[in-house]
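Heads up: the structure comes next, in structure tokens.
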Protein chains: 2
Amino acid sequence: MRHRLVIVGGGFAGLSTAAGLRRADVDITLLDRRNFHLFQPLLYQVATGALSPANIASPLRAVLKSQKNCRVILGEVTGFDVPNRQVILGDEKIPFDSLVIAAGAGNNYFGKPQWEEHAPGLKTIEEATTIRRKVLTAFEIAEREPASARRIAAMTFVVVGGGATGVEMAGAIRELAAVTMRRDFRNIDPAHCRVILVEGSGRVLEMFAEKLSDKAERSLKKLGVEVWTSSKVVDIQADHVLITRNGQEHRIDALTTIWGAGVKASPLGKMIADATGATTDRAGRVIVQPDMSLPNQPDIYVIGDTASAQSGGKPVPGVAPAAIQEGKHVARLIKNKLAGKTEREPFHYWDKGSMATIGRNAAVMQSGWIKLSGRIAWFGWLFIHIMYLIQFSNRILVLFQWFWNYVTRNRAARLITGEEPKK
Amino acid sequence: MRHRLVIVGGGFAGLSTAAGLRRADVDITLLDRRNFHLFQPLLYQVATGALSPANIASPLRAVLKSQKNCRVILGEVTGFDVPNRQVILGDEKIPFDSLVIAAGAGNNYFGKPQWEEHAPGLKTIEEATTIRRKVLTAFEIAEREPASARRIAAMTFVVVGGGATGVEMAGAIRELAAVTMRRDFRNIDPAHCRVILVEGSGRVLEMFAEKLSDKAERSLKKLGVEVWTSSKVVDIQADHVLITRNGQEHRIDALTTIWGAGVKASPLGKMIADATGATTDRAGRVIVQPDMSLPNQPDIYVIGDTASAQSGGKPVPGVAPAAIQEGKHVARLIKNKLAGKTEREPFHYWDKGSMATIGRNAAVMQSGWIKLSGRIAWFGWLFIHIMYLIQFSNRILVLFQWFWNYVTRNRAARLITGEEPKK
């Protein structure tokens, strides 16, 4: 019988494992709760109406159509029977010889799950369209409210977390308001909206060189974003946020708060750790061996955002390139095993650099000693994202959509959907 | 003070009224519950994953951006105070001198509202994405089910109503299954799915010449659709439909049923009729005067799918061209009034013809004595729909998307979204 590989998760890590075994003599089963691969780095563009969900999501069956050794099953993993080598999906049991957990991560509210209701994050299409609805509805409320405290709250947006997600989101809201919707309203000037970016540490984009953090902060301010560093969110309610800054507590009346402050591994991480005796870190990520397998379980791997891995003594960051490299690495190990090789190389992360975009024409980018900012970084960002979308059949469409948005300064996907008005 | 016009509804009828008064000396307020204009004739393409919602919806504020005499208010009309000339939106009252009701229509379940839950129609974006989710999920269920009765039910689709909506939907499902998803599954062959189109009368596309109905029926059969004419739906449940045909009752086990059998005017039709003493027909449409105004209310008009109008002794059909012509007509009447003219022309409907598409390369089309079918009608359909999208800034994108789908035989928007799996 052929070697049976089960991959849990069709994100970057899971798909790159499958792709690495395209010509291998294995039977692959890819499990996912969703029927599509999602290009999460661009979710903020859905949240601000620049792209449609389908532009950044690709049906898994379409991606894997021609890979005959891989089947896709849509379903929710409910348990692992490690001794019997089975993944459990409700009543169904799927046997494996090798198992790869690549289940991704959700938002981390750091022990305040009640904040989720008022401050959606940017992890799923539904969250992105919820944010889109909230942001657009806020301006509609402001347009209808007579000048009042509520109008001010409607026109105030708090973005929590100064990482790439928060920076990109804050910039995109200001741009949506001040550029795209400039002439859309009659009672309000959307350009007067207030966007506050709250970051706990001393600077935004901490993973970048300080010089680039400064550039990013300047670009944000130029766009009209208020950057509150060394600030901490104390409470989030439907109509306000409490923030401590320099020892002082501020109450910000805001109808819209967006969460970009941290991620927490999928609960499947804890589940496989419990089933194998492995341990998880504070963010729920499974601590893996140098080769991405679990202790004493050489055929069970955890990769991508569900894993806590080290490379060269440093933690591997939770970014798409790391997930892709881990997937390729595990595919190689499985091929080696099938070929009868016993030595197992440790995973080595090749840091290709980081980038973040701050609205039209501004971005920061660093790779080794190369540090770029401004328009050239923005075009670099665009180019690399298009390259990454290469596995998507719709990359030409996205390029076209971006080009169109760029030329017309428009965002056609500004739809308030999902909560249908009562009939 | 300038003449105040309130338009309720941003569909084809409402927008064409506003557009007709672009340069007139009036203050226009356009009210809608949704923030976008929706190109309903293409909703079935969203329901089958060929287009994204944003491809066929355009934010009302973007459409009306440059029309300075028109403001947009997002909100739900809760009543009309006709004696005081006010439209009521909850606590808010909006005064008018002229009023245009163009609130569209919803699905008509003919006294069986409980069917709505199991058989969504094609009137809103949410309904279209619900159908998309149901159709795609049905194939996922079939893939996971061992060969069984439930697999057969999952792969059976019932489309109720043989008008343009039903014909287009039935054809699109077969095409999605047999062409787009041909190689997507490992346990099932989607081409084996069964699509039953149920029509009460003796032929599909009753509004067309008999010759074209025949052609349409043949095209549908060629695509693999079962056409059940002279058949009546007796009951709809989550997992089956009861249909009487030639006096016999058939039970069809099907997990997916789609409703395209009839429309019912917006409840605002009844509301304005009650407030003015006008009457409504069985479908809830307001019976209007020859000039589209209400009896004894020369400044209150009802147009589009909310109205029951006559032209040349025949009822005006509920199609986009009629709605657009009615909007233009009312705009002209209002301009005449402002210019001091008292004569009021009756509305005259110019029937430009009808068309329906049945999958790739097949369509039927008639206009006066011109009757076309097959590929030439399909290109005509494509051309005219692109022309109609002309008010949409994204028509080039849609053309591009269609071209792309046509060449690649792909439907990139095959996303199961909206109901997020439990975390």
Side-chain angles (χ1 to χ4, degrees), chain A residues 33-36 49 51-55 57-59 61-62 64-66 71-76 89 92 106 124-127 129 136-137 140-141 143-144 180-181 183-187 266-267 392-394 396-397 400-401 404 408 410-423, chain B residues 33-36 49 51-55 57-59 61-62 64-66 68 71-76 89 92 106 124-127 129 136-137 140 143-144 180-181 183-187 266-267 392-394 396-397 400-401 404 408 410-423:
Chain A
R33 299 183 301 170
R34 311 304 301 262
N35 81 324
F36 50 82
L51 293 177
S52 281
N55 294 144
S58 226
R61 296 195 184 280
L64 293 164
K65 191 173 214 146
S66 59
R71 63 173 181 152
V72 174
I73 290 182
L74 215 69
E76 177 111 32
L89 278 91
E92 208 173 333
T124 66
I125 286 203
E126 285 75 10
E127 287 174 326
T129 51
L136 295 173
T137 304
E140 297 293 340
I141 291 171
E143 172 83 348
R144 279 187 65 179
T180 309
M181 305 203 300
R183 294 184 297 138
D184 275 10
F185 295 88
R186 302 291 179 257
N187 301 327
S266 155
F392 288 71
S393 64
N394 44 359
I396 295 176
L397 280 170
F400 195 79
Q401 176 90 50
W404 189 257
T408 62
N410 200 354
R411 289 164 182 261
R414 303 201 305 279
L415 312 180
I416 301 178
T417 56
E419 275 188 351
E420 203 172 348
K422 290 167 297 295
K423 274 166 203 154
Chain B
R33 300 182 303 169
R34 310 304 301 259
N35 82 322
F36 50 83
L51 293 177
S52 281
N55 294 144
S58 225
R61 296 194 183 282
L64 294 163
K65 192 173 213 145
S66 60
K68 290 284 172 233
R71 64 172 180 152
V72 175
I73 290 182
L74 215 67
E76 177 109 33
L89 279 90
E92 209 173 332
T124 67
I125 285 200
E126 285 76 9
E127 286 173 327
T129 52
L136 295 173
T137 303
E140 297 294 340
E143 172 83 349
R144 278 188 66 181
T180 310
M181 307 203 299
R183 294 186 297 134
D184 275 11
F185 296 87
R186 301 291 178 259
N187 301 328
S266 157
F392 286 69
S393 64
N394 44 2
I396 294 174
L397 280 169
F400 196 78
Q401 176 90 50
W404 189 257
T408 64
N410 202 354
R411 290 163 181 261
R414 305 202 301 279
L415 311 181
I416 301 177
T417 57
E419 275 189 347
E420 204 172 348
K422 292 166 298 296
K423 274 166 202 153

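Remember, predicted model here, so these are calculated numbers, not experimental data.
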### Message
Using modelled atom types and a 3.5 Å cut-off, is there a donor and acceptor pairing between side-chain atoms of B/R414 and backbone atoms of B/L136?
### Response
no

#### Entry: Proximity breakdown for B/I73 and chain A, heavy-atom pairs closer than 4.5 Å
side chain

### Task
Counting only heavy atoms closer than 4.5 Å, note whether B/L64 contacts chain A via side chain, backbone, both or neither.
backbone

### chain A contact via B/L415 - side chain, backbone, both or neither, heavy atoms under 4.5 Å
both

### Query
At a heavy-atom separation under 4.5 Å, does B/R183 approach chain A through its side chain, its backbone, both, or neither?
both

### Task
Spell out, as yes or no, whether a donor-acceptor pair under 3.5 Å connects the side chain of B/R186 to the backbone of A/V72.
no

### Task
Under the side-chain contact (heavy atoms from CB on, under 4.5 Å) rule, what do B/L74 and A/E143 come out as? Steps first, then yes or no, please.
CA-CA 9 Å; B/L74 215 67; A/E143 172 83 348; over 6 Å; no

## Note on the structure
What one should report as the nearest heavy-atom pair of B/P53 and B/I125 is CB-CD1, 3.6 Å

## Note on the structure
Comparing B/R71, B/R144, B/K68 against chain A, the one with the most heavy-atom pairs below 4.5 Å turns out to be B/R144

### Query
Do any N or O atoms from the side chain of A/E92 and from the backbone of A/L89 form a donor-acceptor pair under 3.5 angstrom?
no

